[in-house]
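Along the sequence shown, residues are numbered consecutively beginning with 1. In each ligand, atom 1 is the first atom listed, and ligand 1 is the first ligand listed.
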Amino acid sequence: MNFYDSERMMDLLKPHGYILDDNQDDADIIVLNTCHIREKAVDKTYSELGRIRDKIKLRQQKTGKKSIVIVAGCVAQAEGKEIIKRSPWVDIVVGPQSYQNLPELISKVDPINNNKHINIEFPIIPKFDHLDIDINERSSSAFLTIQEGCDKFCTFCVVPYTRGAEYSRPLTSILEEAKKLVDAGVKEITLLGQNVNAWSATGKEKKNWGLGRLIQELAKIKELQFIRYTTSHPLDMDIELIEAHRDVSKLMPYLHLPVQSGSDKILKMMNRKHSIIEYIKVIEKVRDYNPQIAISGDFIIGFPGETDKDHQATLDLIREINYSQAYSFKYSSRPGTPAVVFFDHVDENIKRKRLQEVQDLLRLQQMQFNKKSINSTLKVLVLKKGKKINQYLGRTPFNQSIYFNSNYNNLIGSTIDITVTDAFQNSLAGIINSDKNI
Ligand code: 5AD
Ligand code: SF4
């Protein structure tokens with residue numbers, strides 16, 4: 001989501017004459033877009049700000065000009081004016097719901113008075129109403145935020161506090177942005193939301209529309225070829241969305257469905273609002289409707305009170321589901337969340353050992369999943385050039401990275417049938433099936 005927000009910030013600033021520069025040294029504006037989901041985010045932000053201060057000093061010595069330094073995102077939201085207190089060279093602190101005001105905030109920065117601007121409101125008029133702006137060039141795959149915030153209040157999670165209550169972006173605004181993206185050359189859209197499958201059409205719009213219907217509608221855009229969405233909550237996997245995995249060929253056969261733990265006791269402590277059996281039933285149903293679907297997930301290892309038995313239950317669940325790939329993290333206390341005061345925090349060494357076991361098993365499953373692809377022919381969206389001569393990098397429908405060679409020099413954005421020849425831990429290798437489909 002931060003990637004999406006960063007791109008939108010660029011869209012906002014382009015009409016004011018700014019262009020993207022990956023090199024901080026020469027930049028007039030440096031934006032640090034931060035994430036607060038797991039531990040060390042705050043420390044990382046402050047240490048990066050230290051590096052930025054040194055760069056500004058250098059630049060000032062060379063040119064006499066100071067860069068405008070902006071801290072955006074969820075650390076900005078959580079820390080507010082503390083950032084300016086600890087890093088007085090920061091000019092603007094802007095939260096994830098307020099970055100639509102960036103052009104105005106930047107115009108107010110006055111290097112002589114060295115005034116500071118903090119905007120961490122949750123505005124009544126949602127930011128998307130201000131983001132009806134031109135879209136800069138995009139790659140062949142783009143993100144589109146359709147939903148933000150969360151009302152689920154898992155006890156480990158900062159999102160309900162940093163991103164606020166659940167908000168569904170209006171249908172018309174989503175469709176307009178999707179069309180703009182496609183006009184800018186985008187072939188694949190990943191719909192984003194902290195609880196993306198809680199999206200529903202609101203207001204005067206058709207009230208019974210959920211994510212499944214939205215996907216059907218987006219699939220009508222002719223030049224749009226691939227649709228994905230992330231991240232979902234098991235409770236919001238309704239039948240329409242599951243049916244879309246059977247009926248909408250443009251919807252990719254990949255589902256990222258976090259469960260966090262394999263133990264009902266821990267799920268309860270986490271306030272996940274569903275049991276293991278309910279999670280398994282959802283996956284079974286999705287597989288019933290689309291047998292080839294690749295399943296991904298998130299796991300938190302070492303939540304307070306997690307015993308070895310709970311940990312074994314997590315390993316059992318992973319074995320039962322058989323993930324194509326999944327993310328796992330050591331639990332870290334987040335300020336202001338209910339779990340901070342829970343007893344029985346798990347020893348760091350035990351957490352590390354359990355995480356290793358979970359990751360070893362997930363890696364094994366990912367390798368097996370990738371190996372199964374060998375000799376199959378997959379429809380691949382070409383994303384960019386690889387590091388080697390004539391090499392390209394693409395993405396398979398199952399969200400695997402795939403490398404292949406071609407002498408053609410303009411394949412980016414094309415969809416090509418690739419036959420998989422080899423499989424590795426995090427990628428595949430393949431050859432073009434036939435020149436006919438280029
Ligand atoms: N500790 C560890 N992992 C966390 N996540 C969210 N909060 C925490 C935390 N306090 C993980 C969850 C979530 C993913 C985005 O980040 O697995 O699904
Ligand atoms: Fe956080 Fe997801 Fe739980 Fe919401 S559903 S509180 S975003 S982990």
Seminar exercise, completed: Ranking R272, K152, E166 by closest non-hydrogen atom to atom 2 (Fe) of ligand 2, top hit is R272
For this session: Could you check atom 4 (Fe) of ligand 2 against the protein and tell me its nearest heavy-atom contact, residue, atom and distance included?
Result: C150 SG, 2.2 Å
Exercise. By number and element, which atoms of ligand 2 are closer than 4.0 Å to a non-hydrogen atom of H233?
Worked result: 5 (S)
Exercise. In ligand 1, which numbered atoms sit nearer than 4.0 Å to a non-hydrogen atom of K330?
Worked result: 1 (N), 2 (C)
Exercise. Hey, is F156 touching ligand 2 through its side chain, its backbone, both or neither, going by heavy atoms under 4.0 Å?
Worked result: side chain
For this session: Examine ligand 1 and decide if any of its atoms is less than 4.0 Å from a heavy atom belonging to E39.
Result: no
Exercise. Do any nitrogen or oxygen atoms of R334 come within less than 3.5 Å of a nitrogen or oxygen of ligand 1?
Worked result: no
Exercise. Any salt bridge between E48 and K44, counting N to O under 4.0 Å?
Worked result: no
For this session: Under 4.0 Å from a heavy atom of Q260: give me the atoms of ligand 1 that qualify, with their elements.
Result: 12 (C), 13 (C), 17 (O), 18 (O)
Exercise. When you check the side-chain N and O atoms of H311 and E357, is any donor under 3.5 Å from an acceptor?
Worked result: yes
For this session: Show which atoms of ligand 1 fall inside a sub-4.0 Å distance from at least one heavy-atom site of D298.
Result: 13 (C), 14 (C), 15 (C), 17 (O), 18 (O)
Seminar exercise, completed: In ligand 2, the atoms that come under 4.0 Å of a heavy atom of P160 are 6 (S)
Problem set entry | Under-4.0 Å heavy-atom contact with ligand 2, by part of T231 that carries it | neither
Problem set entry | Top protein contact for atom 1 (Fe) of ligand 2, by heavy-atom distance | C157 SG, 2.3 Å
For this session: Look at the rings of F404 and Y392 and say which category their plane angle falls in: under 30° parallel, 30 to 60° tilted, over 60° perpendicular.
Result: parallel
Problem set entry | I37, portion touching ligand 1 at heavy-atom distance under 4.0 Å | both
Exercise. In terms of the angle between their ring planes, are Y327 and H256 parallel, tilted or perpendicular, with boundaries placed at 30° and 60°?
Worked result: perpendicular
For this session: Assess the side chains of Q77 and T162: does a donor N or O sit below 3.5 Å from an acceptor N or O?
Result: no
For this session: Check whether any N, O or S atom of C154, backbone or side chain, sits closer than 2.8 Å to atom 3 (Fe) of ligand 2.
Result: yes
Problem set entry | Greater than 12 external heavy atoms within 6.0 Å of K152's NZ | yes
Exercise. Between E278 and S275, is a side-chain hydrogen bond (donor to acceptor under 3.5 Å, both in side chains) present by the stated rule, with each step listed?
Worked result: CA-CA 5 Å; E278 282 164 333; S275 64; 3.3 Å; yes
Exercise. Any idea which protein heavy atom is nearest atom 10 (N) of ligand 1, and the distance to it?
Worked result: S332 O, 2.7 Å
Exercise. How many angstroms lie between atom CD1 of I29 and atom CD of Q24, to the nearest 0.5 angstrom?
Worked result: 13.0 Å
For this session: Considering the heavy atoms of F153, write down every atom of ligand 2 situated less than 4.0 Å from one of them.
Result: 6 (S)
Problem set entry | Over-ring placement of R38 relative to F329, 6.0 Å and 45° cut-offs | yes
For this session: Determine whether the aromatic ring centres of F156 and F342 lie less than 6.0 Å apart.
Result: no
Problem set entry | From CA spacing to verdict: side-chain hydrogen bond (donor to acceptor under 3.5 Å, both in side chains), S373, N370 | CA-CA 5 Å; S373 308; N370 286 347; 5.2 Å; no
Exercise. Which of the atoms in ligand 1, numbered in the order shown and given with their element, are less than 4.0 Å from a heavy-atom of F329?
Worked result: 3 (N), 11 (C), 14 (C), 16 (O), 17 (O)
Exercise. What part of P258 sits under 4.0 Å from ligand 2 if we count only heavy atoms: the side chain, the backbone, both or neither?
Worked result: neither
Exercise. Can a cation-pi geometry be assigned to R86 and Y46, taking NZ or CZ under 6.0 Å from the six-membered ring centre and within 45° of the ring axis?
Worked result: yes
Problem set entry | N195 neighbourhood, listing ligand 2 atoms whose heavy-atom distance to it stays under 4.0 Å | 4 (Fe), 5 (S)
